[in-house]
Amino acid sequence: MKMPSFAVTGRKLLPLIGIIVVFGVIAVITTILGIPLLDRIMTIMFINLIMVLGLQMFMGNSGLLSFAHVGFMGIGAYASALFSIPVAAKAMSLPALYPALAGIEMGFFPAMMCGALIAAAFAAIVGYPLMRLSDTASAIASFALLVIVHVVLSQWSAITNGPRTLFGLLKYTDLWTAVTWALIILVVAFLFKESSLGMKLRASRDNVHAASAIGINVVRARWLAFTISAFVCGMSGALWAHFITSFQPGAFYMTQTFIVLTMLIVGGPRTVTGTAIGVLLVTIATEGLRAMENSFSVSGVLPFETVGMTEILLAILLIFMLAFRPGGLVQTIELGARRRVRAAAIDTSEAELSRKA
Amino acid sequence: MDGVLQFILNSLSLGSVYALFALGLIMVFGILKLVNFAYGELIMVAGYTWFVLQGTLLPLVVVVLVAIVVAAFTSVVTERVAFRPVRSNSMNAMLITSFAVSTLLQNSALVFVSPRARAVDVPVFFHTNINLGGVQISVSNVVVILVSTLTLIGLLVLMQKTRLGITLRAAADDFRMLQLLGVRADQVIVSAFAISGVLAGIAGFLWISRIGSVSPTVGMAPLLIALIAIVVGGMNSLSGAIVGGFFLGTLTIALQLLLPQDMLAFRDAVIFAVVILVLVFRPQGIVKGRFATERIG
Amino acid sequence: MSLLELSNVHVRYGAITALKGLDLRVEQGELVALVGSNGAGKTTTLSAIAGVHKASTGSIVFDGKPIHAKRSADIARRGIALVPEDRGIFPSLTIEENLRLGSYLVRDKKTVADELDRVFDRFPILKERAGQGAGTLSGGEQQQLAIARALLSQPRLLMLDEPSLGLSPTLVDRMFEIIQQLHEEGVTILLVEQNVTRALALANRAYVLTTGSLTASGTPQEIMDSIDITAAYLGGVQVAGTEG
């Protein structure tokens, strides 16, 4: 008697369905409650979920650390804004804009797609040589890339308004736009991980040499993943830009990188469900801390400024996680999938093998 | 002629500070292969120590010494509390930890001192010029070049002549073998962090006396500078870091003179593009070195 | 009481078990050879003793005290010196600096100086080139440096991993001469070798390792009698008498 193959597939899909239900319920409850502040927090959480899933698709599967992805989010935000800001408002928002671009006005969806495509194209062009690097060198290079994107965003005044605030965007994103896209990307990230490309990447993550030896073109696989994940991050930037509607280049730099990495690491970069849970938990923690921060600074109980307390506590949380549970909360087996004890055992001992000094 | 000499002096002065930045960063990198993103915050810590102590009647030299000690102490504490527990995990975990430590220290300054920049009292004579054989030389340049030269000599002696220095160099070569000879890993790593902190303290004093104020993000630029310098220098040797630092200092001064004003804004983007190109095409550094990152494809 | 005693030692690399319940002992003053084919677990055994790889089960007792949970630096401090297969030379240090690190644990300056003189007598080439970079040495010279460095720590047990590997025939002869001399001077040695005949010629006792477990042990003569040396190289050791 053979098990019908769809049953196996069904079991594999169980974690995905579970996490979609959880996030769907959160969205419905938020809508029913109708509290504006909660609505805002949740919308940003869903946008962050897209961003972090984009990063997970590359980092989680390839095992390479990337600091650059928040830069792709920034490119998506600025590029989509460039296409969507109404012609009438452009003269105000971007006074130095090139005449060739000043006449463009698109709807939100095409603008978002253009933004994401530009982010992906940029990643594809600069990313290829980086994919040959390993470990530390690639992490440094991705960090350099983040700095470059930041410098360009804050200095190319003609199309970004420079370090000043860019305004004039229309508010297209609402809770359900973010929810819809987040759920779509959840499915995409999950399928990506299980796809043949995802499998090749995960093989290269576990052992680069073995993966190359069995004929996997590791550089190409990483490059494709880098480009696709940049597209997703670009989308999240576009959604964010059209929710916030006015922003500065500083929004896509160290602080956001830190928050995005914390979400990914706390949840578990190797799993989609872990990533999603990380986003949820870090959002809850951050917002809870912010609320306390605000009440403290209003009441003046503490003898110091409280802005920044949240980052301090998040940093401590992150350091703790890395010390005691470096693989994140959901390490290798998707939450809700049947636990394959043997596979888990092998994985831990491999981690030991790669231990340093 | 005066212009040329001025250019040389400015390059030497900036380059020597950059070289100290790079040395502090490579000190830890050489042994753990960790780029310590929290390195810039050690400079910030030194700056705030200066800021806090300037109200007291202590002479500047004492204030600076205390600032150096505090930076070194902070460095050692971060090693003990944050880096040691993750050392047995992956390199990515170490890198993210250092990023977290950086965020932690920056925001601590923001919360407990102020988000705004605070002025430090740089002695007035720093901004005066002295006349040397008809050439005007700024005192601050002289101080910077003097202090960095002494620091470099001190470091050189430490690394070449002492038991600790030999141990540190051996650790950069083959840490596993060093432990097989009975040298405890923790001891070596703590020493490296301490030296890194001392260098950050000295370089921090010079840097902050240049810019005249300290803010929570004051360490960002030094970190980036050090990062560029060690990549350019080949990421494997102290001499590479020194050469990288001077190279970058000279390049910065030259670009300031040569680049048109509207392009100057993109200077950092250009420099970081160079970093990526070096990593990709010449991982052994553009100067010299034999370090080659393992690469695929 | 044996100087070193391993009982039921297992070492795992991921899914692979490299050592499956090894029992081994070394007495004071002995030269014990550990032989076997490539991948049999010889290097793993030395790594486990030196604390580079931890034994997952079993115990390693040195001089009456368990050391299997100790870090490699602390094991070295108890008097076990390992000369690894890759020799572990610090290439950016000079030869003299390499040697100074060998005597890292010896506090008394007089002893260090005396030992250094003895080492220089034994390996004159190192004295000639003391100030040069160790990275410039040839393979044979590096091997001499590695052994010299290990001797400077005045080890109570010297472990040599494939000291003849990659050396020219003349140098191989010289290397085995040195090992014999050391043994005669009373140094306790655990020697891992692929050159089985040469190793057995020197050893007091020997162990044959095949894919992670012992297939024979005893005096060199007993080993010679009991195993088919060529078969040991092919991985399948046949112990005489077990066959029909």
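Quick caveat, the model's predicted, so the values are computed rather than measured. Lettering follows sequence order; numbering is per chain, from 1.
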Bottom line for A:Phe143: the part with an atom under 4.5 Å from chain B's heavy atoms is side chain

Turns out that what part of B:Leu224 lies under 4.5 Å from chain A's heavy atoms comes down to side chain

Please step through side-chain contact (heavy atoms from CB on, under 4.5 Å) for the pair A:Ile148 and B:Ile276, ending with a clear verdict.
CA-CA 10 Å; A:Ile148 292 174; B:Ile276 294 182; 3.9 Å; yes

Turns out that what part of A:Phe324 lies under 4.5 Å from chain B's heavy atoms comes down to neither

The interface call for A:Leu318 against chain B, heavy-atom contacts under 4.5 Å, is side chain

Of all heavy-atom pairs linking B:Phe266 and A:Val152, the shortest is CE2-CA, 4.1 Å

Bottom line for A:Met321: the part with an atom under 4.5 Å from chain B's heavy atoms is neither

Applying a strict 4.5 Å limit to non-hydrogen atoms, the region of A:Leu145 in contact with chain B is both

Looking only at B:Leu277, B:Val275, B:Leu227, B:Val270, most heavy-atom pairs under 4.5 Å shared with chain A are made by B:Leu227

Residues 260-268 of chain A vs chain B, non-hydrogen distance cutoff under 4.5 Å, contacting residues -> A:Leu261, A:Ile265

Query raised in the report: Does atom CZ of A:Arg164 have more than 12 heavy-atom neighbours from other groups under 6.0 Å away?
Result: yes

What one should report as the nearest heavy-atom pair of A:Met309 and B:Val111 is N-CG2, 3.6 Å

| request: Check the pair B:Gln106 / A:Glu311 against side-chain contact (heavy atoms from CB on, under 4.5 Å), numbers first and verdict last. | output: CA-CA 9 Å; B:Gln106 252 185 49; A:Glu311 280 74 18; over 6 Å; no

Turns out that what part of B:Met94 lies under 4.5 Å from chain A's heavy atoms comes down to neither

Residue from B:Leu95, B:Ile96, B:Val35 scoring the most non-hydrogen pairs under 4.5 Å with chain A is B:Ile96

Among residues 153-160 of chain A, residues within the sub-4.5 Å heavy-atom range of chain B, in order of number, are A:Gln155, A:Trp156

- Message: Would the distance check show the side chain of B:Asn92 and the main-chain N or O of A:Gly63 forming a donor-acceptor pair, the cut-off being under 3.5 Å?
- Response: yes

On a heavy-atom basis, the closest approach of B:Ala100 and A:Ile319 is CB-CG1, 3.8 Å

Most contact-rich option vs chain A, by heavy-atom pairs under 4.5 angstrom, among B:Thr97, B:Thr103, B:Ile31, is B:Thr103

### Query
Do the ring planes of A:Phe67 and B:Phe37 sit parallel (below 30°), tilted (30 to 60°) or perpendicular (above 60°)?
perpendicular

Start with the C-alpha gap between B:Asn89 and A:Leu322, add the side-chain angles, then the distance that decides, and say whether side-chain contact (heavy atoms from CB on, under 4.5 Å) holds. CA-CA 8 Å; B:Asn89 299 328; A:Leu322 287 163; 5.6 Å; no

Interatomic distance, CZ@B:Phe272 vs CD1@A:Ile140, rounded to 0.5 Å, equals 10.5 Å

Max heavy-atom pairs within cutoff under 4.5 Å with chain A, candidates B:Ile228, B:Val86, B:Leu104, goes to B:Leu104

